[in-house]
Each structure stands twice: as C-alpha cells, then as structure tokens.
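Note sheet for the following structure.
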Amino acid sequence: MSAVWPRQVVEPITAHEAHVHEVVEVLAEGRTAVQGYEIVRLGGHGRAMVIEGRVQSTEADEAIYHEALLMPAFAVAPSVGRVLCLGGANGGMAHRLLALPGVRSVLQFDVDAELHARSVELLPHLHRDALADPRLTVEFGHPRALLDRLTGTFDLVLADLPDSVPGSHAPALFTAEFYARIRRLLGGTGVFATQAGPANPLAPEFFAGVLRTLRSVFRHATPYTAAVPSFGVPWGFVLASDHEAAADPAGSPAAGPPGTITTYDAETHRHMFAVPRSLRAGLARPGRVSTDDDPLWQV
C-alpha cells in the first residue's frame with residue numbers, strides 16, 4: 001500500500017482491506033521478549049498502544065472498549081468481590097474495576113512486564129492511581145501457566161487480550177481448553193467476558209469461532225458488540241456463565257460508578273446486545289471449535 005502520510009499504522013480488517021492511521025508522533029517503539037510494540041500519537045485519536053502493528057487502545061476511545069468489556073459482565077454478575085483480569089496490564093481496566101462497588105480484590109495477569117512498565121511511564125491516563133491501590137495485584141507470565149496455580153473461585157473474570165494473530169501467545173487464550181480452566185475458576189456462579197475480535201458481517205469467522213467455542217464450555221454464551229472508532233469496524237465481545245443471571249444479559253443494564261464510567265449506560269447496554277441481522281447470520285454458521293491443537297486466529 002502506498003503511504004498516505006509520512007508514517008502510518010496499516011491494520012488489516014480483512015484479507016482485502018485495511019484501516020490506516022496517521023502517526024503524528026512516536027513516543028516509544030521496540031520489541032520486548034514477548035512482542036513488538038509502538039506507543040504513538042495517532043491523528044484524531046491521541047496517545048495509542050500498538051502491538052504487532054495492531055491498535056490496542058487509543059486515548060480518544062479506550063473508554064468505549066474497556067467499558068464494553070467490563071460493564072455488561074458487571075451488570076449480570078451476582079457479586080464482584082474477587083476479580084481476575086487476564087491481560088490489560090497496559091492500563092484501562094484496573095482503575096475501573098477498583099471503582100466498582102463491592103470489589104475486594106483484583107488480580108491481574110499479563111504476559112509482558114516490560115511493556116507494562118513503558119505503559120505506566122507513557123500512558124498514565126490509562127493507569128491513573130490503580131497501582132497504588134492495595135486491592136490490586138499484578139503478576140507477569142503466560143496467563144495459562146499463572147492460572148494453573150490459582151486456588152479458590154472468582155466472581156468475575158475478564159479477558160482483555162491482544163489480537164489473536166499467528167506466532168503470538170494470544171491464540172492459546174481463545175481455546176476450549178483455556179475456557180474450561182476459566183469455568184472452573186468461576187465456581188458455577190461467576191461471569192466471564194472476553195473481547196472476541198471484529199464484529200464484521202463480511203468476515204465474522206473469528207467472532208463466530210469464539211462464540212461457538214464458549215458455547216461448547218458454558219451453559220450461556222451471548223455475543224454483543226460496540227463501535228470502537230480506532231478499530232475500523234465494530235468490535236465483538238462474548239459474555240459467558242453457567243449462572244442463570246446470564247441467560248438474558250440484554251435486559252440487565254448496570255449503573256456505573258459516577259465519574260468513572262463515561263460511555264456506558266442503560267441505552268448503550270441495550271444497543272450492544274441488539275446484534276444486527278447480517279452479523280447474527282454470520283455468527284450462526286456452522287464451524288469448528290477452537291482447541292489447543294487447532295486454535296483460531298484473526299486475519
């Protein structure tokens with residue numbers, strides 16, 4: 001693709017199209033032991049985290065994404081005393097979790113300590129004062145290895161994961177075996193939510209695969225979407241649980257903590273679960289369940 005601006009992020013949407021961002025300033029770039037990254041300013045979106053060439057969050061619309069992942073699960077969870085967040089140590093989730101009424105502890109697992117440190121330095125608007133809160137514990141390592149040593153159960157588990165691309169650690173976090181581990185940690189009453197890739201009716205395969213895989217593990221798994229402008233297309237999420245409270249999440253909006261939740265409300269909640277007919281058709285197509293031996297990945 002020819003350059004539109006002197007420097008840009010060209011992010012695939014499908015095998016045949018891409019979303020292009022102007023990079024107006026590079027704050028940091030490099031490669032950690034885990035992944036390549038850029039922390040940049042994008043035209044129209046402000047400071048942004050880019051991992052392996054894909055935009056993960058931007059200053060302008062990170063609240064839409066993080067609140068979409070968090071708030072529907074909070075709305076249907078019977079309680080939220082003990083919370084586990086997988087990924088997301090670059091910020092955005094912890095301070096919102098800690099503001100929720102009833103939260104006693106948040107355990108956050110992330111794969112990349114080096115990138116977390118750069119994020120704390122360069123993206124303080126994402127972290128705010130969360131790291132000073134004694135209820136938050138952040139640990140680093142592969143999330144699957146960290147999960148194996150956990151004891152007890154959690155009320156809420158969130159998967160704030162990077163894009164599932166070949167050669168990265170992420171595809172292993174979208175498989176039936178991984179979801180079975182999460183299910184055991186929920187103890188029958190907890191709620192799980194994950195990002196599930198593009199909600200694109202012309203290319204729904206990854207979103208459909210995540211939904212299909214979660215339905216093979218949990219009694220209830222419901223898709224929903226949110227429009228995150230920097231992602232180029234609407235984004236998919238899935239809420240899953242064995243608890244009856246999750247049977248109809250569309251009818252259970254939550255009230256967010258005043259001053260903390262800025263893009264989510266009851267009307268937004270209902271819109272998230274009103275999945276368009278064309279996308280519903282794509283999600284209903286038959287296909288395979290993602291496994292450790294045959295994982296899903298995005299274009």
Side-chain angles (χ1 to χ4, degrees), residues 1-69 85-96 108-131 138 140-142 160-171 173 195 197-198 226-235 262-263 297-299:
M1 172 180 282
S2 61
V4 179
W5 297 286
R7 179 156 178 166
Q8 57 194 25
V9 175
V10 181
E11 186 170 9
I13 290 177
T14 71
H16 309 288
E17 61 184 308
H19 190 209
V20 185
H21 290 277
E22 179 189 14
V23 176
V24 297
E25 183 182 4
V26 177
L27 303 175
E29 62 182 327
R31 183 161 199 94
T32 70
V34 178
Q35 56 204 342
Y37 75 94
E38 300 164 85
I39 299 177
V40 297
R41 292 186 190 272
L42 297 178
H45 291 281
R47 288 170 288 180
M49 171 69 75
V50 181
I51 295 177
E52 299 291 5
R54 295 175 183 251
V55 174
Q56 303 301 306
S57 68
T58 79
E59 193 169 3
D61 60 13
E62 61 85 14
I64 299 174
Y65 167 81
H66 288 112
E67 291 174 19
L69 177 59
C85 185
L86 303 168
N90 61 313
M93 190 58 74
H95 75 88
R96 291 182 170 94
Q108 189 162 39
F109 284 165
D110 197 86
V111 75
D112 198 335
E114 183 180 347
L115 189 54
H116 171 256
R118 298 312 312 269
S119 176
V120 171
E121 174 191 358
L122 297 172
L123 303 173
H125 64 282
L126 286 172
H127 296 274
R128 305 190 191 182
D129 57 355
L131 294 173
V138 182
F140 297 98
H142 197 287
D160 183 11
L161 304 173
D163 291 11
S164 178
V165 296
S168 75
H169 69 284
L173 307 179
Q195 71 93 354
V228 184
S230 62
F231 291 174
V233 292
W235 211 249
T262 60
T263 69
W297 56 75
Q298 296 168 228
V299 172

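Heavy atoms only: backbone and side chains are in, while hydrogens, waters and symmetry mates are out.
- Not counting sequence neighbours, H125 has no partner by the ring pair (Phe, Tyr, Trp, His ring centres under 6.0 Å) test.
- Shown here are the side chain to side chain donor-acceptor pair (under 3.5 Å) partners of Q195, two or more places apart in sequence or in another chain: W235.
- Once rounded to the nearest 0.5 Å, the distance linking CG of D160 with CG of N90 reads 6.5 Å.
- The shortest side-chain heavy-atom distance between V40 and V50 falls under the 4.5 Å cut-off.
- T58 OG1 to Y65 OH: the interatomic distance, rounded to the nearest 0.5 Å, is 12.5 Å.
- Of all heavy-atom pairs between P198 and Q298, the closest is CD-NE2, 3.7 Å.
- By the side chain to side chain donor-acceptor pair (under 3.5 Å) test, T32 is found to be paired with D112, residues two or more places apart in sequence or in another chain being considered.
- Taking the charged nitrogens against the carboxylate oxygens, R47 and E62 have no contact shorter than 4.0 Å, which rules out a salt bridge.
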Evaluate the side-chain contact (heavy atoms from CB on, under 4.5 Å) criterion for residues V26 and E38: first the C-alpha distance (whole Å), next the side-chain angles of each, then the deciding distance (0.1 Å), finally the verdict. CA-CA 7 Å; V26 177; E38 300 164 85; 5.7 Å; no
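- With sequence neighbours excluded, no residue satisfies ring pair (Phe, Tyr, Trp, His ring centres under 6.0 Å) with H95.
- In this structure, OG in S119 is found 5.5 Å from CG in L126, a value given to the nearest 0.5 Å.
- Separation of atoms CZ (R96) and CD (E67) is listed at 5.0 Å; rounding is to 0.5 Å.
- Here A227 pairs with nothing under the side chain to side chain contact (heavy atoms under 4.5 Å, CB included) rule; sequence neighbours left out.
- Below 30°, between 30° and 60°, or above 60°: for F140 and H116 the angle between ring planes is between 30° and 60°, a tilted geometry.
- Qualifying ring pair (Phe, Tyr, Trp, His ring centres under 6.0 Å) partners for H66, counting only residues two or more places apart in sequence or in other chains: none.
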Trace of the side-chain contact (heavy atoms from CB on, under 4.5 Å) decision for H45 with V24: CA-CA 10 Å; H45 291 281; V24 297; over 6 Å; no
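- I64 and T263 get closest at one heavy-atom pair: CA-OG1, 3.6 Å.
- Taking the ring pair (Phe, Tyr, Trp, His ring centres under 6.0 Å) definition, one finds that F109 meets it with nothing, sequence neighbours left out.
- Not counting sequence neighbours, the partners of E121 by the side chain to side chain contact (heavy atoms under 4.5 Å, CB included) test are R118.
- For the side chain to side chain donor-acceptor pair (under 3.5 Å) test, residues two or more places apart in sequence or in another chain that qualify with R31 are E52.
- Each of V10, V9, I13, V233 was evaluated against H19; a single residue qualifies, I13, per the side-chain contact (heavy atoms from CB on, under 4.5 Å) test.
- S168 is linked by a side chain to side chain donor-acceptor pair (under 3.5 Å) to nothing, counting only residues two or more places apart in sequence or in another chain.
- Closest of all the heavy-atom pairs between A28 and L122 is CB-CD1, 3.5 Å.
- Expressed to the nearest 0.5 Å, how far CD of Q8 lies from CG of L42 amounts to 11.5 Å.
- Judged as a salt bridge (charged side-chain N to carboxylate O under 4.0 Å, His left out), not a single pair has a partner in residues 13-22 (not counting sequence neighbours).
- The minimum heavy-atom distance linking H127 with V120 is given by the pair NE2-N, 3.5 Å.
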Could you walk me through whether W5 and V20 pass the side-chain contact (heavy atoms from CB on, under 4.5 Å) test, one step at a time? CA-CA 9 Å; W5 297 286; V20 185; 3.7 Å; yes
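- Closest approach of A60 and G44 over heavy atoms only: CB-O, 4.0 Å.
- S230 and H21 are not linked by any side-chain donor-acceptor pair at a separation below 3.5 angstrom, with hydrogens and angles left out of the test.
- For the side chain to side chain contact (heavy atoms under 4.5 Å, CB included) test, residues two or more places apart in sequence or in another chain that qualify with Q56 are M49, I51, R54, P162, D163.
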